[in-house]
Amino acid sequence: MPAAAPNIAALIVAAGRGTRARGQAGDPPKQYRKIGGEAVIIHTLRRFIDHDDLGPVVAVIHPDDQAALAAAAGDIAGRFRTVGGGRTRQLSVLAGLEALAEAAPDIVLIHDGVRPFLSDDLITRAAATALETGAALAATPVTDTLKRADANGRISDTVGREGLWAAQTPQAFRFDLILAAHRAANAAGLVDFTDDAAVAEWHGVQVTIVEGERGNTKLTTKEDLDMADVRLMRAGAGRPAAEIRTGFGYDVHGFAPGTSVMLGGVEIAHDYALSGHSDADVALHALTDAVLGAIAAGDIGSHFPPSDPEWRGAPSERFLAHAADLVSDRGGTILNLDVTLICEAPKIGPHRAAMRTEIARICGISEDRISVKATTTEGLGFTGRREGIAAQAVATVALATDEDFSR
Ligand code: MG
């Protein structure tokens, strides 16, 4: 007779009243803020409730949030239990474990309520490792260079990152092991462990790492929540909460002696070069101004003054990449870019595909969101006289927003 499937429970810890993500007084705690049209904690609970291997799911919440959770639960109401939390994270977990003691699951996964992006696979792997070894911790290898500094920000040394891991959740345990560890810590008057692996380690339990996921981020600040909203919007989940902005850019550079021009990030052999302080890529300059315009962030000259020798001969992709970064920093995304080059020569058509590829790479978006067009002015004006090249560009960006435009 095959062994019965293990009983795996999940404890979602969401009792915190952290203020870091709160905009103004009266805003709900971050776990109840909506991303993709639904409260963060509901997204998180769904990951566990919808997982095929999971048994009971318990949410540990602040007693004051009972009504907020009930109001947010929607179609998963009745598919999880709630327990009131304690004054520290550790005491909240203990309260949740005690609530599961009677059911006595084989394994319990303990997970932050504000990490809604973990995969089914991570849940499966954490539970499997806990079954095998007793205790498992999702973690990712540290990739940033680590510095130690004094209180004045002066660096004293660089810390080697070999063997260092950044802890995430879920943290999965044999239920009897973690309940005993938490009860012992509480009995010893220790109540401020910041994660459950630390409680287990303190109690002499060997914890094993399972590879976590870069996308399994903890939504701590308002910026994190805005980014998460855009991420869900991109994935097509929920109701989009985006503000759409458009920006316009225009640039001209004159011809000078030379043998090639940079256009749209592509070097094209020509009878002349374009003169300018940087590499004079008129297409990327117009696009940079269009992106900056969409977020009302000034113009290319205010970010990269022509008087600054640093930009002499600079590749213009740095300007466009900077503008794209400013959009990301605001939790936004570039939806599309459209640029028109105005010149008699060189011929743009043969280079259009390469330009689209370059512009897409620089902005970190897909090529089907990039348009490159060209026209002549029928021999009229300065472009008609082959004195230089002009470019016009339009950018559309989406910015995350809480505003309700339906009013
Ligand atoms: Mg320019």
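Position 1 is the first residue of the sequence; numbering continues from there. Each ligand, and each atom within it, is numbered from 1 in the order the structure gives. Remember, predicted model here, so these are calculated numbers, not experimental data.
A donor-acceptor pair shorter than 3.5 Å cannot be found between the side chains of Q392 and T340.
Not a single donor-acceptor pair under 3.5 Å links the side chain of R245 to the backbone N or O of I295. Under a 3.5 Å cut-off, the side chain of E367 and the backbone N or O of I359 do not form any donor-acceptor pair.
Among the atoms of D281, none of the N, O or S atoms falls under 2.8 Å from the Mg ion (ligand 1).
Ion pairing between a basic and an acidic side chain is recognised when a charged N comes within 4.0 Å of a carboxylate O; D144 and R161 show no such pairing.
The minimum distance between the Mg ion (ligand 1) and any N, O or S atom of H285 involves atom ND1. With respect to the Mg ion (ligand 1), D251 has OD2 as its nearest N, O or S atom.
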